[in-house]
**Q** 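Sharing a structure with you now.
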Number of protein chains: 2
Amino acid sequence: MTRVLVVDDDPRLQRTLTIALRAHGNEVVTAADGRTAVQSVLEDAPDVVILDLGLPDLDGTEVLRRIRAASVVPVIVLSARHESDDKIEALDLGADDYVTKPFGVEELLARVRAAVRRGGDLGRHLGPVVTDHFVLDFAERRATVEGEDVRLTPTEWRVLEALCREPGHLVQQQDLLRAVWGPSYGRESNYLRVYANQLRRKLEPDPANPRHLVTEPGLGYRFNP
Amino acid sequence: MTRVLVVDDDPRLQRTLTIALRAHGNEVVTAADGRTAVQSVLEDAPDVVILDLGLPDLDGTEVLRRIRAASVVPVIVLSARHESDDKIEALDLGADDYVTKPFGVEELLARVRAAVRRGGDLGRHLGPVVTDHFVLDFAERRATVEGEDVRLTPTEWRVLEALCREPGHLVQQQDLLRAVWGPSYGRESNYLRVYANQLRRKLEPDPANPRHLVTEPGLGYRFNP
DNA sequence: CGGGCCCGTCAAGAACGCGTCAAGAGCCAT
DNA sequence: ATGGCTCTTGACGCGTTCTTGACGGGCCCG
């Protein structure tokens, strides 16, 4: 069963969507403001989020940014405005789809199905990753190096997760950047260098000669189990 | 059917191109400014973009940057200026080809076909190439000689890839140079000699008597599996 | 036999990419 | 407000890679 988080401050629209989604076999949770929405993303782990921009407490793009900081769940943005700026900005920030009000319920349902299909394996949690030196439990956000618990920051987790989804395979810089920082971060920057460094210091037995987090110069990084 | 996005603020030129492209069996969508163009790239997923620099709303390079942030679609840049600076900058930002106005429609059509063809099979990864002596995995950027991992530099990979796309066939010097160093490197230079040398040292059992990376004097090189 | 052409080889300087560090901004909880 | 944590961004040094010029040898042709 697909779990959908509906974020909207208009109770009528919220009701309409809830009923329509339930009628099509979805589970629905709701939030009326941005902070609650982010919290719900973390706690309820929805399969897809329908997000109305223009919430009472936070700017729409800010909500989106925070959701993206917390999860890679597919987000469908609703907006009354027709400005293409908004749309581009939203897509830049990592929205997966964009629907302008007014819209037909059928259309939205179709987009929900599409988003879930696309996001299918991104949303799923990775099983624990085990090497001879450390253990990573993504579901629990727990890292253990030589039996000792190690703290990783949210961004560090996301970089690791993107790498561990393709164990032993090259992940290109561009793909890595987009997976972690969103679609608009296609260009090179310090990000990867800094975080590869941090992660190696925290995880590698000998950070200067990495065995698990390997650089492929000019291309990207590779995680070796 | 090839879908072409034409970005130009001159309605006459837009019409001309649209008609010509449709007459040759392409589907055409248009945009008259940069923001619309980026939006169209996201929504319409064109197979190739024809982009006029000098749009009303955004700097040409900025449009290109945004398109590149959103997609790897091939982009052909149009420009009235003859400045080579522009050209270099555009190619740096990821344009695939560059046409200076005025230009013939036939020429542009040819470039569209070329861009689509390149975009089609350059994007596609080569399967692993296996010989009795070494294995090349282009997707993973992994080379193994007699079971031992061997490091190849980015340029070495590009040269190899260009050769391996035509296994057993002659690849002319000019084509090889262009494939690796870009369209403006049509002239002879040391490049190929140096890199053929490097590759033979790294891959051939007897570098002095190459069996796989063969020179065709006066013409080019051939890769024998 | 001599000369030209083309290729292979080598080496050195420039350019590039990466790792590293640190300062500053932003956010959160106290 | 204050302090701690994280993210972002710029700067710098170092090792690697690219580029370029020079030189020598084989081959063909006159």
Side-chain angles (χ1 to χ4, degrees), chain A residues 34-35 38-39 42 57-59 61-63 65-70 93 141 143 150-160 170-174 176-177 180-182 184-185 187-204 206-222, chain B residues 88 92 141 143 150-160 170-174 176-177 180-182 184-185 187-204 206-222:
Chain A
R35 293 174 194 281
V38 176
Q39 195 180 336
L42 287 168
D57 62 334
L58 292 174
D59 181 55
T61 57
E62 179 60 19
V63 180
R65 212 185 55 70
R66 295 196 188 187
I67 290 176
R68 269 290 161 270
L93 279 167
R141 285 280 149 106
V150 170
R151 271 192 83 63
L152 300 181
T153 71
T155 308
E156 285 164 5
W157 276 112
R158 297 180 56 195
V159 172
L160 261 187
L170 167 66
V171 182
Q172 303 227 14
Q173 294 181 358
Q174 203 180 44
L176 204 44
L177 279 166
V180 177
W181 282 272
S184 61
Y185 286 76
R187 275 184 314 175
E188 154 64 326
S189 72
N190 261 355
Y191 291 120
L192 297 181
R193 306 212 292 275
V194 170
Y195 278 94
N197 194 328
Q198 303 262 72
L199 287 170
R200 293 208 259 244
R201 274 200 238 170
K202 291 186 178 180
L203 300 179
E204 289 277 0
D206 175 10
N209 295 61
R211 301 202 299 119
H212 300 107
L213 209 62
V214 183
T215 303
E216 296 290 335
L219 294 165
Y221 293 83
R222 179 197 310 273
Chain B
I88 291 169
D92 269 356
R141 279 301 202 302
V150 170
R151 259 191 129 27
L152 301 182
T153 70
T155 308
E156 286 164 5
W157 278 111
R158 288 206 299 272
V159 172
L160 262 186
L170 167 67
V171 181
Q172 304 229 16
Q173 293 182 358
Q174 202 180 36
L176 204 43
L177 279 166
V180 177
W181 282 272
S184 55
Y185 286 74
R187 276 179 319 175
E188 156 62 327
S189 72
N190 260 355
Y191 291 119
L192 297 181
R193 305 211 292 275
V194 170
Y195 278 94
N197 192 331
Q198 302 261 72
L199 287 170
R200 294 208 259 244
R201 275 200 239 168
K202 291 187 178 180
L203 299 178
E204 290 277 2
D206 176 11
N209 295 61
R211 301 202 298 118
H212 300 107
L213 209 63
V214 183
T215 304
E216 297 288 338
L219 296 168
Y221 292 83
R222 175 201 313 275

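Letters A, B, ... are given to chains in the order of the sequence lines, protein chains preceding strands, and every chain is numbered from 1.
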**Q** Hey, could you give me the CZ/CG distance between R141(B) and L219(A), rounded to the nearest 0.5 Å?
**A**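 Output value for this atom pair is 5.0 Å.
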
**Q** Evaluate the criterion side chain to side chain contact (heavy atoms under 4.5 Å, CB included) for residue pair L199(A) and W157(A); output intermediate values, then yes/no.
**A** CA-CA 9 Å; L199(A) 287 170; W157(A) 276 112; over 6 Å; no

**Q** Taking the nucleotide of DNA chain D with the closest heavy atom to each, which residue, L152(B) or L152(A), is nearer the 5' end?
**A**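 Between the two, 5'-proximity favours L152(A).
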
**Q** In terms of side-chain heavy atoms of Y221(B), which of dT6(D), dG19(C), dG8(C) is nearest?
**A**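 Nearest nucleotide to the side chain: dG8(C).
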
**Q** Verify the contact: side-chain N or O of T215(B) to OP1 or OP2 of dG8(C), cut-off strictly under 4.0 Å; return yes or no.
**A**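 Answer yes for this pair, as a side-chain N or O of T215(B) is under 4.0 Å from OP1 or OP2.
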
**Q** Which one, dG19(C), dT8(D), dA22(D), comes nearest to the side chain of R193(B)?
**A**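 In terms of side-chain proximity for R193(B), the closest of dG19(C), dT8(D), dA22(D) is dA22(D).
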
**Q** Show the numbers, then the answer: is there a side chain to side chain contact (heavy atoms under 4.5 Å, CB included) between L152(A) and L160(A)?
**A** CA-CA 10 Å; L152(A) 300 181; L160(A) 261 187; 3.7 Å; yes

**Q** Let me know the distance between CG of N190(B) and P of dG8(C), rounded to the nearest Å.
**A**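 Result: 11 Å.
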
**Q** Just call it for R201(B): base, sugar-phosphate, or nothing, with non-hydrogen atoms closer than 4.0 Å on any strand.
**A**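 Sugar-phosphate only.
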
**Q** Between dG10(D), dC18(D), dT6(D), which nucleotide gets closest to the side-chain atoms of T153(B)?
**A**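 Looking only at heavy atoms from C-beta outward on T153(B), the closest nucleotide is dC18(D).
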
**Q** In whole Å, I'd like the distance from the OH atom of Y191(B) to the C1' atom of dG8(C).
**A**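 Taking OH of Y191(B) and C1' of dG8(C), I get 18 Å after rounding.
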
**Q** If only side-chain N and O atoms of N197(A) are considered, is one of them under 4.0 Å from the OP1 or OP2 phosphate oxygen of dT20(C)?
**A**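 N197(A) to dT20(C) OP1/OP2: side-chain N or O found under 4.0 Å.
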
**Q** I want to verify a distance call: between dT19(D), dG8(C), dC7(D), whose nearest atom is closest to the W181(B) side chain?
**A**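 The closest nucleotide is dT19(D).
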
**Q** Send over the distance from L177(B) CG to dC7(C) P, rounded to a whole Å.
**A**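 After rounding, the reported distance stands at 11 Å.
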
**Q** Rounded to the nearest angstrom, tell me the gap between atom CG in L219(B) and atom P in dC5(C).
**A**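 Distance, rounded to whole Å: 17 Å.
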
**Q** Using whole Å, what does the distance between atom C1' of nucleotide dT6(D) and atom CZ of R141(A) come to?
**A**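 That distance rounds to 14 Å.
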
**Q** Starting the side chain at C-beta, find the nucleotide from dC7(C), dT9(D), dA22(D) nearest to V194(A).
**A**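 Nearest to the side chain of V194(A) among the choices is dT9(D).
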
**Q** Taking only N and O in the side chain of Q173(A), is any of them less than 4.0 Å away from OP1 or OP2 of dC18(C)?
**A**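 For dC18(C), OP1/OP2 do have a side-chain N/O of Q173(A) under 4.0 Å.
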
**Q** For R193(A) and N190(A), does a side-chain donor sit closer than 3.5 Å to a side-chain acceptor?
**A**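 Yes, N190(A) and R193(A) have a side-chain donor paired with an acceptor closer than 3.5 Å.
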
**Q** Kindly compute the distance separating OG1 (T153(A)) from NZ (K202(A)), expressed to the nearest 0.5 Å.
**A**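 T153(A) atom OG1 to K202(A) atom NZ measures 5.5 Å (nearest 0.5 Å).
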
**Q** Once you round it to whole Å, what is the distance between C1' of dA22(C) and CD of Q198(A)?
**A**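 Value for this atom pair: 12 Å.
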
**Q** K202(A) NZ to dT6(D) P: how many Å, rounded?
**A**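 From K202(A) NZ to dT6(D) P: 6 Å.
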
**Q** Which whole-number value in Å describes the distance from L192(A) CG to dT20(C) P?
**A**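 Going from CG in L192(A) over to P in dT20(C) covers 15 Å.
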
**Q** From L213(A) CG over to N197(A) CG, what is the distance, rounded to the nearest 0.5 angstrom?
**A**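 These two atoms lie 10.0 Å from each other.
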
**Q** Check whether any side-chain nitrogen or oxygen of T155(A) sits under 4.0 Å from OP1 or OP2 of dT6(D), and answer yes or no.
**A**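 For T155(A), the contact criterion (side-chain N or O under 4.0 Å from OP1 or OP2 of dT6(D)) is not met.
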
**Q** Using the side-chain heavy atoms of R151(A), tell me which of these nucleotides is nearest: dT6(D), dC18(D), dT9(C).
**A**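 Selected nucleotide: dT6(D).
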
**Q** Counting heavy atoms from C-beta on, name the nucleotide in dT20(C), dT19(D), dC7(D) closest to the side chain of Y195(B).
**A**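 Of all the options, the side chain of Y195(B) is nearest to dT19(D).
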
